[in-house]
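Sequence positions, counted from 1, serve as the residue numbers for this chain. It should be emphasised that the depicted structure is a prediction, and the values quoted were computed from it without experimental measurement.
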Amino acid sequence: MSVEPENIPHSDRLPLKRPPYDELTLNSIRNTAFKGLSPHNLRLSMANQPVLGAKFQQLAHSVLFESEIPLRFKEIAIMRTTALTGAEYPWGMHVAIYGERCKLDRVAVDDLALAESWEALSDPRWSSQDRLVIRMADELYRDTNLSDETWQLATNTWPVPQVVELVFASGVYHLASYFTKTAAVPLEEGQARFPDGYRRR
């Protein structure tokens, strides 16, 4: 991964960190579990606060790679949350990296971005479990809570630790949405873009 100044894109708000880097910052910038498309610009942006940036990377790593909930459900929670917040950077990165792996084609991910609520989903292929994950993400975004009914449905569907993982997936990526939008993290070359007709910004 190159960190040459000429390879660092422009941000309209928070400039991406340019070299020279101290050891902590350099380790955070180079720390990635991804091959191919990788959140390079996000790491350079978080390098403006390398201590918190490193802590966030650790938390996100745990959510992404140390959870027991099936990958498809976790990614639906992340994609729906970032779509609701209008955060194109994390939404598009997860669509590009995980969409095909989770059997979420363009019709499905567009539905996650465009549906006004879990009840208004238009793709008939969503399973009852898929729809429950989307319902959870919607309620967490709207209410910062789950209704008693939704909590009961979730704990009847998955073991409690996996329900907690879904809550963390939505919560951590709400934080990622706060940061990427506020800092105006530039989009990565090759990531997905919001569909035509997307209205949340």
Side-chain angles (χ1 to χ4, degrees), residues 1-2 7-17 28-29 31-48 53 56-57 59-61 63-65 67 71-118 120-123 125-126 130 133-134 136-138 140-141 166 168-201:
M1 182 203 74
S2 175
N7 296 326
I8 297 176
H10 169 77
S11 167
D12 290 335
R13 283 198 174 174
L14 181 64
L16 276 62
K17 190 73 171 178
S28 294
I29 291 170
N31 180 26
T32 180
F34 297 100
K35 295 179 181 179
L37 182 61
S38 182
H40 179 54
N41 295 342
L42 175 59
R43 293 195 300 274
L44 288 175
S45 187
M46 290 191 302
N48 285 285
F56 175 82
Q57 284 181 270
L59 181 57
H61 182 92
V63 167
L64 290 176
F65 302 111
S67 298
L71 180 64
R72 176 182 171 92
F73 300 141
K74 178 170 55 185
E75 285 302 316
I76 288 173
I78 291 170
M79 292 178 197
R80 180 60 175 174
T81 296
T82 53
L84 290 170
T85 60
E88 190 168 31
Y89 183 96
W91 184 88
M93 290 294 286
H94 279 261
V95 168
I97 294 171
Y98 293 106
E100 184 176 349
R101 198 183 313 180
C102 295
K103 298 183 179 178
L104 295 167
D105 60 17
R106 192 71 217 194
V107 173
V109 298
D110 285 0
D111 204 19
L112 287 174
L114 297 173
E116 290 298 323
S117 72
W118 67 272
L121 293 164
S122 61
D123 190 340
R125 297 173 298 168
W126 296 116
D130 293 338
V133 174
I134 300 165
M136 291 174 67
D138 284 9
L140 288 167
Y141 173 74
L166 286 174
F168 264 75
S170 288
V172 168
Y173 278 86
H174 203 150
L175 173 57
S177 298
Y178 282 163
F179 182 78
T180 56
K181 289 183 72 177
T182 300
V185 177
L187 301 183
E188 305 283 353
E189 185 175 347
Q191 75 162 90
R193 302 297 304 269
F194 278 142
D196 292 342
Y198 181 84
R199 294 184 298 279
R200 301 181 186 93
R201 290 292 179 183

Under 3.5 Å, which donor-acceptor pairs link side chains of residues 90-100 to any protein atom two or more places apart or in another chain?
residue	atom	partner	partner atom	Å
His94	ND1	Glu75	OE1	2.8
His94	ND1	Glu75	OE2	3.2
His94	NE2	Tyr173	OH	3.3

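- Checked against salt bridge (charged side-chain N to carboxylate O under 4.0 Å, His left out), Arg125 has the following partners two or more places apart in sequence or in another chain: Asp105, Asp123.
- In this view, Trp126 and Asp111 satisfy the side-chain hydrogen bond (donor to acceptor under 3.5 Å, both in side chains) rule, not counting sequence neighbours.
- Side-chain contact check for Glu189 versus Leu37: every heavy-atom pair is 4.5 Å or farther apart.
- Separation of atoms OG (Ser45) and CG (Leu16) is listed at 5.0 Å; rounding is to 0.5 Å.
- Nearest heavy atom pair, residue Phe56 against residue Ala176, reads CZ-CB, 3.8 Å.
- Taking OG1 from Thr182 and CG from Leu14, the interatomic distance works out to 10.0 Å, rounded to the nearest 0.5 Å.
- Residues forming a side-chain hydrogen bond (donor to acceptor under 3.5 Å, both in side chains) with Ser177 (at least two apart in sequence, or on another chain): Thr85.
- Here the side chains of Glu88 and Thr82 are not in contact, with every heavy-atom distance at 4.5 Å or above.
- For residues 8-17, no residue pair satisfies the salt bridge (charged side-chain N to carboxylate O under 4.0 Å, His left out) rule, not counting sequence neighbours.
- Aromatic ring pairs are classed by plane angle as parallel below 30°, tilted from 30° to 60° and perpendicular above 60°; the pair Tyr178 and His174 is tilted.
- To the nearest 0.5 Å, atom OG1 of residue Thr180 and atom CG of residue Leu42 are 7.5 Å apart.
- The side chain to side chain contact (heavy atoms under 4.5 Å, CB included) search around Ser38 returns Thr32, Phe34, Arg43, not counting sequence neighbours.
- Ala169 meets the side chain to side chain contact (heavy atoms under 4.5 Å, CB included) test with Val63, Lys74, Ala77, Ile78; sequence neighbours excluded.
- A 4.5 Å side-chain heavy-atom check between Arg193 and Tyr198 finds every atom pair outside the cut-off.
- The side-chain hydrogen bond (donor to acceptor under 3.5 Å, both in side chains) search around Thr81 returns Ser170, not counting sequence neighbours.
- Considering only heavy atoms from C-beta on, Asn41 comes within 4.5 Å of Pro9 through its side chain.
- Every residue meeting the side chain to side chain contact (heavy atoms under 4.5 Å, CB included) condition with Glu116, not counting sequence neighbours, appears here in chain and number order: Arg199, Arg200.
- Put simply, CG on Leu104 and CZ on Arg106 are 11.5 Å apart, with the number rounded to the nearest 0.5 Å.
- Listed by chain and residue number, nothing satisfies the side-chain hydrogen bond (donor to acceptor under 3.5 Å, both in side chains) test with Asp196 (two or more places apart in sequence, or in another chain).
- With hydrogens and angles disregarded, no donor-acceptor distance shorter than 3.5 Å links the side chain of Arg80 to the backbone of Ile134.
- A distance of 10.0 Å separates CG of Asp130 from SG of Cys102, quoted to the nearest 0.5 Å.
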